[in-house]
Amino acid sequence: MKQLTTKVCLLGDFSVGKTSLVRRFVESRFDDSYLSTIGVRVSRKALQLPLAEPTTLTMLIWDMAGSEPFTSITRTYYQGASGALLVCDLTRSETLLSLNNYIHEFRSINLDVPLIIIANKSDLESQRVLTDELLHSTAQTHRTSWFLGSAKTGEGVELAFQALGNIICNQRSST
């Protein structure tokens with residue numbers, strides 16, 4: 001079995017649920033209390049990917065503080081990343097617009113690495129303001145995929161991380 005380790009960044013505005021998504025993915029749990037990330041928090045999870053050659057991909061997930069200005073420190077955080085999950089909040093339209101800035105900043109350091117958009121808080125359907133059409137258009141603009149997700153229920157979380165892992169592994173095997 002092939003073994004790979006990769007660095008993945010989680011990017012998005014404050015309070016979109018980045019830390020909750022990581023907690024759901026890594027620990028299979030959800031906590032309603034809000035703790036703002038300061039700087040970066042790194043978590044680790046191994047995924048078994050059913051590729052042509054079965055692969056264990058260990059993801060080092062860098063959970064970045066939201067709305068931090070793009071500085072030499074954030075440049076350092078981005079360096080060496082093999083991919084990024086971009087998180088927006090389905091109940092706040094400005095968080096989708098902000099993804100354009102995160103993508104631009106991230107791509108200035110990591111030109112051709114894969115990106116996946118995850119629209120979090122799908123469990124808050126009655127408060128949803130972002131449409132599938134808006135999400136699709138944004139994803140198309142940035143040549144990526146998008147997923148609906150909920151850190152609270154777990155919907156779409158594993159799928160988004162797995163999709164990113166598959167793309168990263170496929171890119172590595174084609175180079």
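This structure is a prediction, so every number in the text was calculated from the model and none was measured.
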**Q** Would a hydrophobic clustering, with Ile, Leu, Val, Met, Phe, Trp and Tyr connected at side-chain separations under 4.5 Å, put I118 with F30?
**A** no
**Q** Output all residues satisfying side-chain contact (heavy atoms from CB on, under 4.5 Å) with R44, sequence neighbours left out; order by chain, then residue number.
**A** T58, L60
**Q** Please check if the side chain of K45 supplies one atom and the backbone of E27 the other of a donor-acceptor pair under 3.5 Å.
**A** no
**Q** So how far is it from M59 CE to L47 CG, rounded to the nearest 0.5 Å?
**A** 5.0 Å
**Q** Taking the side chain as every heavy atom from C-beta outward, state whether R128 and L148 have any pair of such atoms under 4.5 Å apart.
**A** yes
**Q** Under a 3.5 Å cutoff, is there a donor and acceptor pairing between the side chains of D13 and T95?
**A** no
**Q** Same cluster or not: are V129 and L124 linked, directly or through other Ile, Leu, Val, Met, Phe, Trp or Tyr residues, by side-chain heavy atoms under 4.5 angstrom apart?
**A** no
**Q** Quick check: closest heavy atoms across L57 and G165, and the distance to 0.1 Å?
**A** CD2-CA, 3.5 Å
**Q** Quick check for you: to the nearest 0.5 Å, what is the distance between L11 atom CG and N101 atom CG?
**A** 11.5 Å
**Q** In this structure, which one of L86, D63, N120 forms a side chain to side chain contact (heavy atoms under 4.5 Å, CB included) with K18?
**A** D63
**Q** Within a strict 4.5 Å, meaning less than it, do heavy atoms of the D132 and H136 side chains meet?
**A** no
**Q** Would you name the heavy atoms of V113 and S82 that are closest together and state the gap between them?
**A** CB-O, 3.4 Å
**Q** Under the 3.5 angstrom rule, does the side chain of N110 hit a backbone N or O of Y78 as a donor-acceptor pair?
**A** yes
**Q** First locate atom OG1 of T19, then atom CZ of F14, and finally report the distance between them rounded to the nearest 0.5 Å.
**A** 13.5 Å
**Q** Any idea which heavy atoms bring V87 and L99 closest together, and the distance?
**A** O-CD2, 3.6 Å
**Q** May I ask you to test the R29-R24 pair for a side-chain heavy-atom distance under 4.5 Å?
**A** no
**Q** Distance check, rounded to the nearest 0.5 Å: L49 atom CG versus T56 atom OG1?
**A** 8.0 Å
**Q** Is L90 close to L135 at the side-chain level, that is, under 4.5 Å between some pair of heavy atoms?
**A** yes
**Q** What's the shortest heavy-atom distance between L130 and S93, and which atoms?
**A** CD2-CA, 3.6 Å
**Q** Could you go through residues 152-163 and list every donor-acceptor pair under 3.5 Å that involves a side-chain atom there, pairing it with any protein atom two or more places apart or in another chain?
**A**
residue: T153; atom: OG1; partner: S150; partner atom: OG; Å: 3.2
residue: T153; atom: OG1; partner: E155; partner atom: N; Å: 3.2
residue: E155; atom: OE1; partner: S122; partner atom: OG; Å: 2.6

**Q** Looking at F106 and A81, what are the two nearest heavy atoms and their distance?
**A** CZ-CB, 3.7 Å
**Q** If we only count heavy atoms from C-beta on, is the I117 to S145 side-chain gap below 4.5 Å?
**A** no
**Q** I want to check something: taking the side chain as every heavy atom from C-beta on, are M64 and C9 in contact at a cut-off of under 4.5 Å?
**A** yes
**Q** Is the Lys NZ or Arg CZ of R41 less than 6.0 Å from the centre of Y77's six-membered ring, within 45° of the axis?
**A** no
**Q** Report yes if the side chains of R92 and V16 come closer than 4.5 Å at any heavy-atom pair, otherwise no.
**A** yes
**Q** Please round to the nearest 0.5 Å and tell me the distance separating atom CG of D112 and atom CD of Q171.
**A** 7.5 Å
**Q** With rounding to the nearest 0.5 Å, note down the distance linking CZ in R172 to CD1 in I167.
**A** 13.5 Å
**Q** Less than 4.5 Å apart, any side-chain heavy atom of C169 and any of L4?
**A** yes
**Q** Looking at T138 and L134, would you say the former's side chain and the latter's main chain have a donor-acceptor pair under 3.5 Å?
**A** yes
**Q** Let me see the working for R143 and L115 under side-chain contact (heavy atoms from CB on, under 4.5 Å), right down to the final yes or no.
**A** CA-CA 8 Å; R143 296 180 314 265; L115 306 173; over 6 Å; no
